[in-house]
Amino acid sequence: MTKIPTLPRKHLFDLPEGVIYLDGNSLGPLPKGVAARAAEVITAEWGGQLIRGWNASGWMDQPGRVGDMLGRLIGATKGSVVLGDTLSIKVFQALAAALALRPDRRVILSDSGNFPSDLYMAEGLVRLRDAGFTLRVVAPEAVAGAIDDSVAVVMLTEVDYRTGRRHDMAALTRAAHGAGAVMVWDLAHSAGAVDVDLAASGCEFAVGCTYKYLNGGPGAPAFIYIRPDLQGVAQPFLSGWLGHEAPFAFDPTYRPAPNIERMRVGTPPVVQMSMLETALSVWEGVEMADIRAASVALCDQFIAKVEARCPELTLISPRNAAQRGSQVSFAYQNGYAAMQALIARGVIGDFRAPDVMRFGITPLYIDAADVTAAVAIMGEVMEHRLWDRPEHHAAQKVT
Ligand SMILES: *Cc1c(COP(=O)(O)O)cnc(C)c1O
């Protein structure tokens, strides 16, 4: 079979004119065909089929079907991923099920690089259980050393949302298992960004969202993975009817489905799920290893050019690509205003308090010419202090 040149695939996206989009780590852009698919689901399926759509258009099986499409991108075996709800909910489900696998232990170990919602969900679960559980949060570099036999669950996000620092998934999973702990990985900044091999890692649970590197659109459903041997064991504590073994038996007592379907909760968001299904078609024929190689090359190029052109910015992402995801972050005291000035000139990244300018590098639709053009604009903004205008300092709700 001849290999089709796969990257970039800009022609598969509706990107606005005059924009270099370096924020696909936060909200992926619109793939072509998604809007038409949403309209078709609304008009032909919902409008035309009404309740019959659940069977006739396969709405009911969609969470697992899309799970398999996505699973290929994260090294999950067929039938081990299901979609639904938001990532915060999936974190709660994974963590609750993970804790139940180690009933004699009381510590959840995480790190300060984790996304706040993951830590908040853990805090809520600790309060709910009211049984002496603690959430222990250490620095990312200290995680390996903090895993001991008091730890029930190690819960980590592989790629840090601020710095792009990437944990060693295989090594930390081995360390967790060596101490008898259960491993939960959050792949929010990994799925579609880096080459993840869930099956090889041996982790028990993984979760992630689909509106970042997977381009499912704002509010796209999240996913959860359970290692195949645990699918009949892991307990679904958000025991909604669609995770039941036989939802349409309307049994008054709950019996979990024997497979990954047990992590479903309630009615799936059909329109949004259909948008995601179409969005995932842009990955057809793309190997994550090729995405990763292109991402590393583009990130290295971006770092070298920015450091040469914008000496005011300090790299806070790891310089070593092996320890980095698919984003590059720089610290700059006036980072908020500088990012606003860049956005006004068509270079869209984002800002995280107190001083982090984030740039997502997404080889599906970003290439070397985009990197060069973006850095030229960054250079102008920095050299001439174009950020130092009142309109760029005005604070907005979402940064
Ligand atoms: C983006 C992100 C979230 C967001 O959770 P939602 O429930 O989808 O809003 C949670 N955790 C991590 C690690 C993230 O990167």
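Atoms within a ligand are numbered from 1 in the order they appear, just like the ligands themselves. This chain uses plain numbering: 1 for the first residue, then up along the sequence.
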Open item on the list: Let me confirm one number: the CD-CG distance from Gln327 to Asp23, rounded to the nearest 0.5 Å.
Closed with: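 Taking CD in Gln327 and CG in Asp23, the distance rounds to 9.5 Å.
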- [ ] Using the ring pair (Phe, Tyr, Trp, His ring centres under 6.0 Å) rule, take Tyr336 and His393 through it: C-alpha gap first, then chi angles, then the decisive distance, then the call.
- [x] CA-CA 7 Å; Tyr336 179 77; His393 290 282; 8.1 Å; no
Open item on the list: A cation-pi test, strictly: NZ or CZ of Lys305 under 6.0 Å from the centre of the six-membered ring of Phe359 and no more than 45 degrees from its axis. Yes or no?
Closed with: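 Cation-pi check for Lys305 and Phe359: fails.
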Task: Candidates Arg324, Arg166, Arg165, Arg358 - the one meeting salt bridge (Lys or Arg N to Asp or Glu O under 4.0 Å) with Asp160 - done: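 So the option named by the test is Arg165.
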Tell me: protein heavy atom nearest [atom], and distance?
atom: atom 7 (O) of ligand 1; result: Ser88 OG, 2.7 Å
atom: atom 2 (C) of ligand 1; result: Lys212 NZ, 2.5 Å
atom: atom 6 (P) of ligand 1; result: Tyr211 OH, 3.5 Å

Task: Within reach of ligand 1, part of Asp118 (heavy-atom separation under 4.0 Å) - done: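 Only the side chain of Asp118 comes within reach of ligand 1.
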In ligand 1, which numbered atoms sit nearer than 4.0 Å to a non-hydrogen atom of [X]?
X: Asp186; value: 11 (N), 12 (C), 13 (C)
X: Thr157; value: 13 (C)
X: Ala188; value: 12 (C), 13 (C), 14 (C), 15 (O)
X: His189; value: 15 (O)

- [ ] Can you establish whether the number of heavy atoms outside Ile51 located under 6.0 Å from its atom CD1 is more than 12?
- [x]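 Not buried by this count: 12 neighbours or fewer within 6.0 Å.
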Task: Test of proximity, Thr86 against ligand 1: N or O pairs below 3.5 Å - done: yes
Open item on the list: Within the 4.5 Å heavy-atom criterion, are Val286 and Arg9 side-chain neighbours or not?
Closed with: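 In short, these two side chains touch, coming nearer than 4.5 Å.
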Open item on the list: Tell me whether the rings of Phe250 and Trp241 are parallel (<30°), tilted (30 to 60°) or perpendicular (>60°).
Closed with: parallel
